[in-house]
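Below is one structure, written out as structure tokens, with a few remarks after it.
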Amino acid sequence: MAEKMHLKLTVNGKPVEALAEPRELLIHVLRERLEITGPHIGCETSHCGACTVDMDGRSVKSCTVLAAQAQGAQITTIEGIGTPDALHVLQEMFREHHGLQCGFCTPGMITRAWRLLQENPDPTEEEVRFGMSGNLCRCTGYQNIVKAILAAAAELNAAKEAAQ
Amino acid sequence: MIPGVFEYHRPGAVAEAVALLRAHGDEARVVAGGHSLIPMMKLRMAAPEHLIDLQGLDELRGIEIGAEIRIGAMTTQHEILTHSGLAEAAPIMAEAARQIADPQVRYLGTIGGNVANGDPGNDMPGLMQCLDARFTLAGPDGTREVAARDFFESAFMTTREEEEILTSINFARPTGGWAYEKLKRKIGDYATAAAAVQIAVEGGKVTAAAIAMTNLSDVPVLSAGAAAALTGTGCGPEAVKAAVDAMQADIDPVEDNRGPVEFKRHVAGVILARAIARAFERA
Amino acid sequence: MNEMTPSREERTANLKGTGCARKRVEDARFTQGKGNYVDDVKLPGMLFGDFVRSPHAHARVTSIDPAAALALPGVVAVLTAKDLEPLNLHWMPTLAGDRQMVLADGKVLFQGQEVAFVVAEDRYIAADAVDLVEVEYEDLPVVVDPYKALEDDAPVLREDLEGQDEGAHGPRRHHNHIFRWEAGDREAAEAAIGGSEVVVSERIYYQRTHPCPLETCGCVASMDKVNGKLTVRGTFQAPHVVRTVASLLSGIDEHNIRVISPDIGGGFGNKVGVYPGYVCAIVASIVTGVPVKWVEDRMENLMATAFARDYWMDGTISATKDGRITGLKAHVIADHGAFDACADPTKFPAGFFHICTGSYDIPAAHVAVDGVYTNKAPGGVAYRCSFRVTEAAYMIERLIEILAAKLDMDAAELRRINFIKADQFPYQSALGWEYDSGDYHTAWEKALRAVGYEGLRAEQAQRIADFKAGKTRKLLGIGLTHFTEIVGAGPVKNCDILGMGMFDSCEIRIHPTGSAIARLGTISQGQGHATTFAQILASETGIPADQITIEEGDTDTAPYGLGTYGSRSTPVAGAATAMAGRKIRAKAQMIAAYLLEVHDDDLEWDVDRFAVKGATERFKTMAEIAYAAYNQAIPGIEPGLEAVSYYDPPNMTYPFGAYICVMEIDVDTGEHGIRQFYALDDCGTRINPMVIEGQVHGGLTEALAIAMGQEIAYDDIGNVKTGTLMDFFLPTAWETPNYTTDWTETPSPHHPIGAKGVGESPNVGGVPAFSNAVHDAFRAFGLTQSHMPHDHWRIWKIAHDLGLHG
């Protein structure tokens, strides 16, 4: 076992600290040390995206990020995207359009879609499919996920317009 | 899938990184985005005792556009894909980056890592050869430049010395038409066959061409013969066929899950023909 | 009557009962990252187990030295077969009547086989320790081809069975033979085929693949030595069966074992079986007295737990020259790998493969299946499939296409001629099934009309002309499929798993204020049971679905059931739910009669209440009745309002569907694009159309993967070539098309609410639809059969072999 490092992160807006070996994977730091179990482990080879979190404004697969690499990072997980009392529109639209079944890919999907819509607030279906292509789902066939994201985009844009 | 134990370093300057490499020799590896190295470490096919993280080296970032284009080694595929100046100056870069991995991997995966790892499956090495790029390597004795066309020796073996770090990539602003064409099984896959093509055309005739192929040998394949076959032609069917024939003489694919050799040779030709057609049309 | 009483329509809508596209109650926790999957379980003092696995496909294990691993700080134990032997747990029984090594006992039989189990303080130490266990192997000859396995001089794989001529399913004919299983009348089939004008025979391979749910398998075993209780949380599609097996294997009384399936991240058949990881975690927890977690990684999942298919099917079909099918015969070589760990009902070693007469009225048929051992992973699970139905549907739907080509007949017309007619149901098939209901012609014509079938064929003809004229390099394939499934296993008289009859169950408690909880013997892995079973109950009891909690997966609280796989939840547990609901209603009727001072027979049910016939202003709602059940002494009636139903289905259900896939194929690269996919499903009564549509989308995408790229491939020495998601094909949103769904509704006559089950239909029907599209594109050029998966190079090879590359 290597010496542990003093890890300082900002997770879902809160500064957190942990002792972790440098080799620990970010997904394990989140899940095991910080009890943030929304992001999941699906493939461990950076193909499935179940472990997707947002790190410094980028969607990343936290199974392929070392704890040490994440030192000092700002992390957002599904837990930081909405609250039970104030769900994010994406969370509402995934339910509304049946964009999930077993739920295992869902936190990664929504976290990725959350970044995608910030970069491209009004995507086409093709752009959604391309932008979500780092996230695998075994249950839904994606059709309703795509529908949910497009609906969320429309809703967010309508809200933005209404606010102006 | 858990990586082995290592000591972690995050140097703040290239010289510091080089010194670390020098101190630890082949027990050290540098990590950029980590999307090649970390999976290998998780499979325990790589077990460096010292990991030198280059993310603190701001001097390795950024894209500069002039007559020459300079891309810092730590520039991510995502930055390449979304950089408007680069899109104008060398649109083939974004066309290729778009076909690499997936969105999450592109946010972290860097051009330097893609090139320096020497993985024949990676797309940037072939593209760099097509663009006749030069790699700047920093070592204990200062920096030196190596042509992309001289860099790759065999699978995962390059002319980079153990104590050197790839810091930047330079190439002349390409002219004429371009195409990066890639056949793959799905998003995130390496190429079954891919072709990078740059063509300069005057008066309907090719004045200069560069063609490089990906994942069809243990190194990227720059096919001078294919380029020569196009030069002076209007890229008609015969010229394309001659280029394909020349390219096929240069590649040396191996059978894998993507298919047998015969298939790969054939589709390499199809992919190249498509790339030539698109590049010529854009020229 | 209260003037504010809502109308019957309003009250019905308020129930969100059967037929309603009710939004899912599960989604709130999943969309907020608050699901509770097995790897989320964290118990005080919990240790982590990890396997040393064999790099060889066939080898003798000459020594295992754990010393270096044990010396690593944080390592608690290293278990080998020697440690398990005194407990008689070094081998375990499989669901198929065979036995399987838990840890390598003298030899290994497939790459990735479990050799030793390391227990450590965390998964990092465990992984380090796995590397430190020194195992010496002596290579043995490897057999990966089941035909070669049956050659006289093939190496003996299962030395433990040497000299045993009798297996779990009758005589063994060779040292690598497992069973021969037959159905139908061989003589009649051969006579029919022999006397026919047109006969086609073809070897059709359905490749080895894997269910690959996004969550891998795992468990947390927790032995409480103070109270003598063992709790196992894990990825179990059949938690009650796991409890029984755990009791039989461990000797712990069944009442002292509690099995809990928490949220499950997809199953698709992968999580039906009992795996060495479960056994080792349980043993380790018993030994150490603290909880032990085992969760496999993706490579382990693909290499070691639960492959599917791997059927080599020699099919022969015969017809008159005008296309009337006269007979069908099939012989299958079934590659079961190193141990026969198929998850089939005990009496059906080849599952329900003999549904392979499909949707057609075939007068004579015979099938024989030979199971064979090879040096591959054990399994043979029903991957989104009801026990070999996918293989059966694929074979018949390929044979139909091949026969159509031979007859030079349109394949849609050939199907039309041979469909079982609506007035033939219930239909007795030549292979022994009684199809419950169907209306194939109606579905077929609706499907053909929906896609504009004639127009597609005209376009295809033009495309072929253009191709031949050198104007295009793309061909158009029209993939037709009409499938019939057999799901809902099943009648206890002939369906059991390890002796447990395949009934299922539901227990309902109505609370005093009129809301309810129902518990079932099944377990959702994404199907949305908490949503849909509440809908069934809402319609039966008049309690709004939103006021019904559905609970599954905890053997201490749920009634015994056989679990969720083979599309059996709706046909069996759904029926139990309806029946339990009816028991509630029957008691409610007596209570209402007492409250209203009328005879039971003078009441009628009206959505959510009992009303007096002819005086419907006099009524008692279910909520009022529930309250009365708890607060009034009613003569002759026990207090409370609860019911339990164990449902033994009288027959299977037979969902069916018509799928059409339109595919563009690039002849030069093998690339394909799905231009259109139309899926009509008839699953009987539709409980939740939104959930059904979701199931169809997902199942079609799994079918797309299987047909177009997915396989577990081995090299000649038994190395797995497709061990990560780079090489094991799971399509992303980018490769997946949009689907058009449609339906007809032919209720099952024997199911209480007429429902048949739908989850697996799209996989069963989707695979032949995609595959037939590929074949159809090349039919005009003489293609008969090309094995799946139809990835780029294999499609390219079709074109190449047909001379289409000039």
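Residue numbers begin at 1 in each chain, while the letters A, B, ... track the order of the sequences.
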Pairwise distance [atom1]([X]) to [atom2]([Y]) - rounded to 0.5 angstrom:
| X | Y | atom1 | atom2 | result |
| --- | --- | --- | --- | --- |
| A:E21 | C:D122 | CD | CG | 7.5 Å |
| C:H697 | A:K147 | NE2 | NZ | 6.5 Å |
| C:L302 | A:C43 | CG | SG | 10.0 Å |
| C:D39 | A:H28 | CG | NE2 | 7.0 Å |
| C:F48 | A:E32 | CZ | CD | 8.0 Å |
| C:E215 | A:I41 | CD | CD1 | 10.5 Å |

Please classify the contact between [X] and chain A as side chain, backbone, both or neither, with a heavy-atom cut-off of under 4.5 Å.
| X | value |
| --- | --- |
| C:L725 | both |
| C:T216 | side chain |
| C:D263 | neither |
| C:E735 | neither |
| C:P737 | backbone |
| C:M299 | neither |
| C:K23 | both |

Engaged part of [X] at the chain C interface, taking heavy atoms whose separation is under 4.5 Å:
| X | result |
| --- | --- |
| A:S133 | both |
| A:I110 | side chain |
| A:E35 | side chain |
| A:E125 | side chain |

Are [X] and [Y] packed together at the side-chain level, in the sense that at least one heavy-atom pair is separated by less than 4.5 angstrom?
| X | Y | result |
| --- | --- | --- |
| A:Q101 | C:Q527 | no |
| C:L214 | A:C102 | no |
| A:H40 | C:D40 | yes |
| A:M132 | C:T732 | no |
| A:Q143 | C:N738 | yes |
| A:T45 | C:R298 | no |

Choice from [options] maximising heavy atom contacts with chain C below 4.5 Å:
| options | result |
| --- | --- |
| A:T106, A:V128, A:L136 | A:L136 |
| A:N135, A:L100, A:N144 | A:L100 |
| A:G38, A:G42, A:C137 | A:G42 |

query = So which residues of residues 77-87 of chain A are in contact with chain C at a heavy-atom cut-off of under 4.5 Å?
reply =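 When heavy atoms of chain C are the reference, residues 77-87 of chain A contributes A:I78, A:E79, A:T83, A:P84, A:L87 within the under-4.5 Å range.
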Taking every heavy-atom pair that is under 4.5 Å apart, which of [options] has the most such pairs with chain A?
| options | answer |
| --- | --- |
| C:G74, C:G528, C:C212, C:G699 | C:C212 |
| C:E693, C:Q525, C:R123 | C:R123 |
| C:P762, C:G526, C:A21 | C:G526 |

task = Please name the pair of heavy atoms, one in C:G33 and one in A:P107, separated by the smallest distance, quoted to 0.1 Å.
result =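 Scanning both residues, the minimum pair turns out to be CA-CG, 4.1 Å.
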Can any side-chain N or O of [X] pair as donor or acceptor with the backbone N or O of [Y] at less than 3.5 Å?
| X | Y | answer |
| --- | --- | --- |
| A:Y142 | C:T701 | no |
| A:R95 | C:R24 | yes |
| C:Y37 | A:G103 | yes |

query = Is atom NZ of A:K8 surrounded by more than 12 heavy atoms (other residues, nucleotides or ligands) closer than 6.0 Å?
reply = no
Ring-face cation of A:R138 near C:F268 (centre distance under 6.0 Å, axis angle within 45°) = yes
